[in-house]
Amino acid sequence: MADRIQADLFGAPVAVQESAPVRAFPTPAPLDRAAALRRRLSEQGPRALAESETLELLLGRCGLTGPHPALLAGALLRRFGSVPQVFGASLPELALVVGEPVAIELKLLHDLTLRVLEFPMHRRCVLNSWSAVHAYLKVSLGGRSREAFHVLFLDKANQLIADERMGEGTVDHAPVYPREVMRRVLELNASACCLVHNHPSGSSTPSAADIEMTRRVVEAGKALGVAIHDHFLVAGDEVVSFKVLGLM
């Protein structure tokens, strides 16, 4: 482009290019937060990361196109309180915070963790593996916001056949029907069971209703020759045995 004449501040004519290109100043590259977190994890181990940072790294692998993973991790922890409670939340509850695609990814990870923890119980006697059972139950029910009643159905060798939810309710009650439990026992050809339910409140004290329900299921099992080995109460990160408490 042709130059034009323009006076400078002192009135002297100077040549100015009509469309001089704007100089581009490179902006500093933003700190790669995910890389920094991964580096710290690699050098110091997983415990070097805070709960929110671990969740942030996980969310960063979910193909996010919206808010930064750190913002979503913070939103999840504010809504549910902890990582176990995040994974214990239902798909609709998670979707309200992070959207359905990310919620599905979180539920898939939770399911995969349960499969890993459940695997040993299919291979050896549950009665000799209470630590494995407790670890599995904490992940399965410890973070749930509603009460649920599960039954671990066992074969003749007391190995796990299936873990099934037989009732789900409110924050402090889940309906249980002994007849339905025994019907499923017959369908699965189970020889024994362990009962499980959770207290979202975190209370590890069985209620009178819990004790009465256990008695009814035990009596129904006796009529069919099915042993009820124990009833576990999951309260956050604690698992309480009714048998140890002398309640059955």
Side-chain angles (χ1 to χ4, degrees), residues 84 87-88 110-144 146-170 172-248:
F87 285 109
H110 185 229
D111 180 68
L112 182 63
T113 303
L114 288 177
R115 289 173 186 265
V116 171
L117 293 173
E118 181 185 285
F119 181 78
M121 297 190 290
H122 290 285
R123 294 291 187 267
R124 56 177 180 257
C125 175
V126 166
L127 302 184
N128 297 329
S129 310
W130 289 134
S131 60
V133 173
H134 288 190
Y136 169 77
L137 295 179
K138 288 177 186 178
V139 175
S140 176
L141 289 170
R144 289 186 56 82
R146 294 180 179 274
E147 190 166 314
F149 176 76
H150 282 228
V151 178
L152 305 181
F153 296 96
L154 310 177
D155 63 16
K156 291 181 179 180
N158 287 316
Q159 295 176 343
L160 183 66
I161 298 173
D163 166 19
E164 295 191 0
R165 185 173 302 164
M166 302 295 294
E168 185 171 21
T170 62
D172 60 1
H173 174 70
V176 180
Y177 304 100
R179 181 175 62 183
E180 290 301 308
V181 175
M182 292 304 118
R183 179 184 64 80
R184 194 64 181 134
V185 163
L186 296 175
E187 290 175 348
L188 294 172
N189 195 28
S191 298
C193 297
C194 290
L195 312 179
V196 188
H197 83 286
N198 65 309
H199 277 181
S201 66
S203 170
S204 60
T205 303
S207 67
D210 295 336
I211 297 169
E212 172 59 19
M213 177 269 292
T214 304
R215 184 192 66 77
R216 291 171 56 209
V217 176
V218 169
E219 290 300 318
K222 285 180 179 178
L224 295 177
V226 176
I228 309 299
H229 290 312
D230 209 333
H231 184 168
F232 297 108
L233 168 59
V234 183
D237 61 354
E238 186 176 4
V239 178
V240 175
S241 162
F242 277 45
K243 182 162 285 188
V244 170
L245 293 176
L247 299 175
M248 60 181 298

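Reckoned from all heavy atoms, side chains included, excluding hydrogens, waters and symmetry mates. Note that the coordinates shown come from a computational prediction; the quantities given were computed from them, not determined experimentally. Along the sequence shown, residues are numbered consecutively beginning with 1.
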> If you take all heavy atoms of A235 and S203, which pair is closest and at what distance?
Replying inline: CB-O, 3.5 Å

>> salt bridge (Lys or Arg N to Asp or Glu O under 4.0 Å) for R183 and E187? Distances and angles first, verdict last.
In response: CA-CA 6 Å; R183 179 184 64 80; E187 290 175 348; 2.5 Å; yes

> Going by the angle between their ring planes, with limits at 30° and 60°, are H197 and F242 parallel, tilted or perpendicular?
Replying inline: perpendicular

>> Is there a side-chain contact between P200 and R144 in this structure, where contact means two heavy atoms from C-beta onward sitting under 4.5 Å apart?
In response: no

> Yes or no on side chain to side chain donor-acceptor pair (under 3.5 Å) for H199 and D210, after CA distance, side-chain angles and deciding distance?
Replying inline: CA-CA 11 Å; H199 277 181; D210 295 336; 3.1 Å; yes

>> Apply salt bridge (Lys or Arg N to Asp or Glu O under 4.0 Å) to residues R215 and E212 and explain how you reach the verdict.
In response: CA-CA 5 Å; R215 184 192 66 77; E212 172 59 19; 2.6 Å; yes

> Shortest non-hydrogen contact from V181 to F153?
Replying inline: O-CE2, 4.0 Å

>> Can you tell me which residue among V126, L127, L160, V239 is in a side-chain contact (heavy atoms from CB on, under 4.5 Å) with V133?
In response: V126

> What distance do D237 atom CG and H134 atom NE2 have between them, rounded to the nearest 0.5 Å?
Replying inline: 13.0 Å

>> Contact between M248 and K243 at the side-chain level, heavy atoms closer than 4.5 Å - yes or no?
In response: yes

>> Given 3.5 Å as the limit, does a donor-acceptor pair link the side chain of Q159 with the main chain of R123, or not?
In response: yes

> In Å, rounded to the nearest 0.5 Å, how long is the span from CG of L137 to CG of L233?
Replying inline: 10.5 Å

> Do the side chains of W130 and C194 get nearer than 4.5 Å, heavy atoms only?
Replying inline: yes

> If we only count heavy atoms from C-beta on, is the D163 to M121 side-chain gap below 4.5 Å?
Replying inline: no

>> Check this for me, if you would: do E219 and K222 make a salt bridge, where the nitrogen-to-carboxylate-oxygen distance has to be below 4.0 angstrom?
In response: yes

>> With rounding to the nearest 0.5 angstrom, report the CG to CZ distance, N158 to R124.
In response: 14.0 Å

> Can you tell if the side chain of V196 reaches within under 4.5 Å of the side chain of L141, non-hydrogen atoms only?
Replying inline: yes

> Out of curiosity, I211 CD1 to R216 CZ, how far, rounded to the nearest 0.5 Å?
Replying inline: 14.0 Å

>> If you compare all heavy atoms of M182 against all heavy atoms of G221, which two are closest, and at what distance to 0.1 Å?
In response: SD-CA, 3.7 Å

>> Are the side chains of L245 and P206 in contact, using a 4.5 Å heavy-atom criterion?
In response: yes

> Could you walk me through whether D155 and S191 pass the side-chain contact (heavy atoms from CB on, under 4.5 Å) check?
Replying inline: CA-CA 5 Å; D155 63 16; S191 298; 5.6 Å; no

>> I'd like to know if the side chain of N198 reaches the main chain of R146, judged simply by a donor and an acceptor atom lying under 3.5 Å from each other, with no hydrogens or angles considered.
In response: yes

>> Suppose we call two aromatic rings close when their centres sit under 6.0 Å apart. Are H150 and F232 close by that rule?
In response: no

>> Is the shortest side-chain heavy-atom distance between I161 and L154 below 4.5 Å?
In response: no

> So do V217 and P178 actually touch side chain to side chain, heavy atoms under 4.5 Å?
Replying inline: yes

>> Please give me the minimum heavy-atom distance between P120 and L117, naming the atom from each residue.
In response: CD-O, 3.2 Å

> Judged by atom type as modelled, is there a donor-acceptor pair below 3.5 Å linking the side chain of S241 to the main-chain atoms of V244?
Replying inline: yes

>> On a heavy-atom basis, which atom in V226 and which in A192 lie closest, and how many Å separate them?
In response: CG1-CA, 3.9 Å

